[in-house]
Number of protein chains: 2
Amino acid sequence: MASDQTRTAILVAAERLYADRGFSEVTLRDIVAEANVNLAAVNYHFGSKDELIAELFVTRSIALNRERLRDLRAAEDSGGGRADIHAILRALVGPILRGCLGPENQRSAVARFMIRASIESVPPIRRIKNKEIDHLRKFAAAMKRALPDRSEVELFWGLHFALAMAHHTIRESERLTKLSDGRCDLDDVEDVIARVVRSAALGLTASETAAKSPARLSARETR
Amino acid sequence: MASDQTRTAILVAAERLYADRGFSEVTLRDIVAEANVNLAAVNYHFGSKDELIAELFVTRSIALNRERLRDLRAAEDSGGGRADIHAILRALVGPILRGCLGPENQRSAVARFMIRASIESVPPIRRIKNKEIDHLRKFAAAMKRALPDRSEVELFWGLHFALAMAHHTIRESERLTKLSDGRCDLDDVEDVIARVVRSAALGLTASETAAKSPARLSARETR
DNA sequence: GTCTATAGAATGATAGAC
DNA sequence: GTCTATCATTCTATAGAC
C-alpha cells in the first residue's frame, strides 16, 4: 500500500511541474525531487516518461468528457430530447474554456496542465486525442437531432469550427490579448463562451446558399 | 564559400527530416548523417538545435507573410483602398491552407514542415510566433477599413476566429476526416478556404444584437 | 574562416541488491 | 516495492587541424 502513496506523489508533483514549466522543460529528476521519491520509482510505476504524461492526460480528459456529456444530457432533457443548437455547442466548448481561461490566479494546476497539453502537443497526448472521436460523435448526433435539415457534412464542419475557436482561444490567449491591446477580455469566460457558441451556431443556421459563391476566385492572380 | 554548402545541406536535411518525423523524433545526429556533414557543423553554423529550428521557421514564415500581404494589397487595390471583408480574410487564411492541405502526395517538404511547426509547438517556434503581432495588425487595419462601423473588439475576435478555424483545420485534419467518415473533403482546399472565410465573415457581418443574449445562463446548474 | 575530432554534462531507462 | 548504481543516448562546447 506504500506503492499508492509513491504513485500519487509522483502524479501530483508531475502535474504541478508540467503545468508550470511545460513538458519539455521538466525532467524525471525534477519530478522525483519534488515528490521526494526515488528516480527509478517513475519507471517502476508508469513504465516511461511518456506513459506518465499519458496517464495524467487520460485522467483529466475523462473528467472533462464526463462534464461535457452531463451538460449535453441536461440540455437535451430540458428540451424533450431535442436541445437547442446553442446549448449543444455550449456543452461542447463550455467546460474546457471554463477550466482553461479566467483570471490567472484562479487557474488550478489541473487547468494549467490541460493548457500545456493543448499547446505542447507531445506524442503521448496526440495518440490519446485521436481516440476521442467516439465522444465527439455523440455531439454530432445531438446536432443532427437539433438541425435535422442540415446535411451531415455541414454539421461536422460546424462541430469542427466550434472546437477550433475554443482551442485556439486557449492556445493563443496571450497573443489575442496583445494584438487587441487588452481590449479583448479573456478573463470574462462566459463572454468568450457566448462568442464561440454564437459564431459556430451562425455558420450552421445561416442560409446555406452563400457557401458555394464564386467569391473564391477573387484576389488571386498568381501561383 | 564551402560554408554555404554545408549550411544549406543542413537546412535541407533538417527540413525534410522534421517534416517526415517531427521535431522530437529527429536528433542532430540524424540530420548530420542525412546531410553528410560533421556533427559540430550544426553548432558552428546555428549555435544549437533550437536555433536551427528557429532559422527554418523564420525563413518559411517570412515567405508566408509576404504572400499574405501580396494578396491583401491586391484585394485593397482592386477595391480602391477598401477591400471586401471576404477578400481580406481570404488573404489571411488562404496561403497557409493552400500550403498545408490538399492531396497528400502534393504537399511539399516545406508545407509538411509548417504543419509540424503548427502541431508540435516547441519553444523556439513559440517565441517566434509571439512576434507576428505586427503582421496581424495590418490585417486588423484593413478589416477596420472594410467594416468601419464594427467595433475594434469585434474585428479582433473575427480575425482571431478566422485564424482559429484555419489552423485547427490543419492541425486536426486527420481527426475531422475520421469523424466524418471521409465526408468532409480536406483535399478540396478551395472549398475549405471558402468555408473558413464564410464562417468568419458571418460572425463579423451578422446583426450584433445576438452577441449579448442571456442564453449564457442556460444549461448550467453546477459549479 | 571553415570544419573535424573529441570531451563534457544531462537525460531516460534498467539491472540487480535489499 | 524501493533503492543504488550504471548504461546508452542525447545536446552542447571546445581545442585544434586544414
Side-chain angles (χ1 to χ4, degrees), chain A residues 1-58 113 116-117 120-128, chain B residues 1-58 113 116-117 120-128:
Chain A
M1 279 299 112
S3 95
D4 231 34
Q5 261 183 20
T6 303
R7 221 187 119 85
T8 305
I10 292 171
L11 285 170
V12 171
E15 181 163 52
R16 217 185 60 70
L17 289 176
Y18 285 145
D20 283 346
R21 300 187 222 156
F23 299 106
S24 47
E25 304 297 316
V26 175
T27 70
L28 289 186
R29 285 168 175 80
D30 294 334
I31 294 173
V32 298
E34 175 87 7
N36 275 311
V37 300
N38 187 273
L39 174 60
V42 175
N43 255 274
Y44 174 77
H45 284 285
F46 301 95
S48 71
K49 185 186 187 181
D50 275 10
E51 287 173 275
L52 168 60
I53 294 178
E55 165 130 358
L56 276 170
F57 186 68
V58 165
F113 170 81
R116 288 289 183 189
E120 296 180 32
S121 200
V122 291
I125 288 182
R126 270 203 304 283
R127 279 194 294 273
I128 295 164
Chain B
M1 279 300 115
S3 94
D4 232 33
Q5 262 183 20
T6 303
R7 220 186 120 85
T8 305
I10 293 172
L11 285 171
V12 170
E15 182 163 52
R16 217 184 61 71
L17 290 175
Y18 284 145
D20 283 346
R21 301 188 222 156
F23 299 107
S24 45
E25 304 297 317
V26 175
T27 70
L28 288 186
R29 284 167 176 78
D30 294 334
I31 294 172
V32 298
E34 175 86 7
N36 276 311
V37 300
N38 188 273
L39 173 61
V42 175
N43 227 269
Y44 173 76
H45 285 285
F46 302 95
S48 72
K49 185 185 187 181
D50 276 10
E51 287 172 273
L52 168 60
I53 295 178
E55 164 129 359
L56 274 171
F57 187 67
V58 164
F113 171 82
R116 288 289 183 187
E120 297 179 31
S121 199
V122 292
I125 288 182
R126 271 202 302 283
R127 280 195 293 274
I128 294 165

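Below, chain A is the first sequence line, B the second, and so on; all start at residue 1.
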Short question: side chain of A:R7, backbone of A:F46 - any donor-acceptor pair under 3.5 Å?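 Flag not set: sc A:R7 to bb A:F46 has no pair under 3.5 Å.
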So, the side chain of B:D30 versus the backbone of B:T27: is there a donor-acceptor pair under 3.5 Å, distance only?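 Here the side-chain-to-backbone pair exists.
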Distance, nearest 0.5 Å, that separates OG1 of A:T6 from NE2 of A:H45: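 Nearest 0.5 Å value for the OG1-NE2 distance: 5.0 Å.
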Got a second to check how far A:R127's CZ is from A:D50's CG, nearest 0.5 Å?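 Rounded to the nearest 0.5 Å, the CZ-CG separation comes to 6.0 Å.
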For the pair made of [atom1] in [X] and [atom2] in [N], what is the distance, rounded to whole Å?
| X | N | atom1 | atom2 | answer |
| --- | --- | --- | --- | --- |
| B:H45 | C:dT2 | NE2 | P | 7 Å |
| B:L28 | D:dC11 | CG | P | 5 Å |
| B:N36 | C:dT2 | CG | C1' | 17 Å |
| A:R29 | C:dG12 | CZ | P | 7 Å |
| A:R7 | D:dG1 | CZ | P | 10 Å |
| B:Y44 | C:dT4 | OH | C1' | 13 Å |
| B:I10 | C:dC3 | CD1 | P | 8 Å |
| A:L39 | C:dG12 | CG | P | 8 Å |

Quick check on D:dT4: is either OP1 or OP2 less than 4.0 Å from any side-chain nitrogen or oxygen of A:N38?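 Yes, A:N38 has a side-chain N/O under 4.0 Å of OP1/OP2 on D:dT4.
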Closer than 4.0 Å, any side-chain N/O of A:T6 to the OP1 or OP2 of D:dT2?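 Yes, A:T6 has a side-chain N/O under 4.0 Å of OP1/OP2 on D:dT2.
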Please tell me which of B:S48 and A:A41 maps to the more 5' nucleotide of DNA chain D, matching each residue to the nucleotide holding its nearest heavy atom.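 Whichever sits nearer the 5' end wins; that is A:A41.
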Using a cut-off of 4.0 Å on non-hydrogen atoms, how would the nucleic acid contact of B:A40 be classed: base, sugar-phosphate, or nothing?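 Contact class for B:A40: base.
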